[in-house]
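Okay, so here's the structure we're looking at.
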Amino acid sequence: MQVYNDLTRKKEKLTPLKDNHFTIYVCGPTVYDLFHLGNARPFIVYDTLRRYLLYKGYDVTYVQNFTDIDDKMINRASAREISVKELAEEMIAEYYYDADRLNVMRADNHPRATESIAEIIDMIQILEEKGYTYTLDDGVYYDTSKFEDYGKLSGRNLEEQEVGASARVDLEIAKRNISDFVLWKYKKDDEPSWDSPWGEGRPGWHIECSAMSKKYLGDTIDIHAGGMDLIFPHHENEIAQSEAANEKQFVRYWMHNGFINVDNVKMAKSGGNFFLVRELAKEYGYDVIRFFMLQAHYRMPINFESEPLIAASNGWQRIKSCISNVKFLLSHEDDHSSSEHSQALAKYTTEAVQEFERAMDDDLNTSDAFAAIFNLVRQVNSYTAEYDLPKETLINAADTIVKLCSILGLDPEDDQDEEIPADVMEKVELRNEAKENRDFALADQLRDEILEQGYRIEDTAQGPKVIKEEK
RNA sequence: GGCACCAUAGCCAAGUGGUAAGGCCGAGGUCUGCAAAACCUCUAUUCUCCAGUUCGAAUCUGGAUGGUGCCUCCA
């Protein structure tokens, strides 16, 4: 498998540092509010990477943090007149509510900044001993000019920053370099704070990821991932901290996903142009959101609109119907013997797996992976319509579709095993009798009644199939 | 000012040197009592534009146009 590494700006063969075991750190949410569609992209994308690596037989240790102390946390808690701690607890629970339903596997560790203060202080102390820090009135700072490789990830250098720091940035005169950043912020007012060698205060944003990554995954990790906007300064600063402190390469592969846009502008809380996953899920369902997200390649921008979301819903339904139809067929048909047709379908099934893997192996090309699934769906639909096939072949094809979907974190069998209510089934029976008596007026009336109760009838060669209508 | 990114059919979206995947929508057909589902056919001689390299370019090079992101919190 190869993957685009932002550090080298090219696709590289992806191999674990140790044995068969990948270590992955994904920058998690600041838990001050529900997350929106843009926030959800890295959760879904890197969860898919994790699932694929597991499918390929690797072990994966996956860490995703919660940032539970920063200005936004403090401001929101203050506005709601609750403690920062209470806010964090609430929003972490809300995170799990949405993430679980998006089928994002829980990380092996979900460390919180406030529970990693000791490790954070340790790392700052090491940086201080090595001469990378200096102190200003409001906190302890990292001197980026002391770190030779500063800018290697984002392709910037200090000189350009000085020159370019024009209109938008208020130069903080006190900092030695424009790119210097705070490691430890001194306590102000009644902000939450912890004791440290530098006095009461709280950690800066960047140091938490360096400290927690080291704590759970070691000095050098395989993959570190997050949104494009984290490349600078967040990840650049993490490199500066970790490599200065540990004197080892921090991350072997840096992966960054593109943004979700609205009217071609980045979706952001601060921009006010955001859609909460919680809200979208009410209308479209969590599975459709995930499907929608993975239809595009993870590094490409996605312009969020309702039309493509509806298209995603219909496309996903096509896969679900295929599985549902096969299951119906299997439970209503006798077995058949092997034939040239069943062998052909078996061949398509094998090929679909190969196409899927080829796509995923190429920098997680989920668009092509879906194409492989859809091609198999078409073959299954086509062959089941035309020929009598042995059950083994059908089961294998359907299981393959389900399996490939599951690698993408999608379950086409979800919600398909619900019992049909007895009164609906009675009407289905009555309609069947009416049809046999060629009383089509009655049959159609019953079908309408059934539809009003939320169920749709599809007449198949094996008899009526009753389907619960999606919303 | 610096550093990046994007531009493919009505819509979404892969493909990055060998003659345009896939999904949605739409049209026609098959099946059906009628539907639904499904299948078949059709839907970009062409990839924002202009030059160039090449036997060959959506894919490489140069330029133009339009749009976006980061440099401040940010997925």
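A, B, ... follow the sequence lines: proteins, then strands. Residue 1 opens every chain.
- A/Lys266 comes within 4.0 angstrom of a base, heavy atoms only.
- With a 3.5 Å ceiling on both atom-pair distances, B/C34 lacks any Watson-Crick or G-U wobble partner.
- Contact annotation for A/Gly226: backbone-only contact, meaning every heavy-atom pair under 4.0 Å involves sugar-phosphate atoms and none involves a base.
- A sub-4.0 Å separation between OP1 or OP2 of B/U32 and a side-chain N or O of A/Lys435 is absent.
- The base of B/C34 sits with one of its N or O atoms less than 3.5 Å from a complementary donor or acceptor on the side chain of A/Arg447.
- A close approach under 4.0 Å does not occur between any side-chain nitrogen or oxygen of A/Asn314 and OP1 or OP2 of B/C24.
- Residue A/Val26 is out of contact with every strand shown, counting any heavy-atom pair closer than 4.0 Å.
- Note on A/Asn381: a side-chain N or O is less than 4.0 Å away from OP1 or OP2 of B/C39.
- Side chain A/Asp368 to base B/G15: no donor-acceptor pair is found below 3.5 Å.
- In terms of phosphate contacts, A/Arg318 brings a side-chain nitrogen or oxygen within less than 4.0 Å of OP1 or OP2 of B/C39.
- Residue A/Phe259 is in base contact, counting any heavy-atom pair closer than 4.0 Å across all strands shown.
- When Watson-Crick and G-U wobble pairs are counted only if both distances are under 3.5 Å, B/G26 pairs with B/C42.
- Between A/Asn303 and B/C12, a side-chain N or O to OP1/OP2 separation shorter than 4.0 Å is absent.
- Between the side chain of A/Arg456 and the base of B/A37, no donor-acceptor pair under 3.5 Å is found.
- Using a 4.0 Å cut-off, no side-chain N or O of A/Asn375 falls inside it from OP1 or OP2 of B/A21.
- Here A/Ser154 lies in heavy-atom contact (under 4.0 Å) with sugar-phosphate atoms only.
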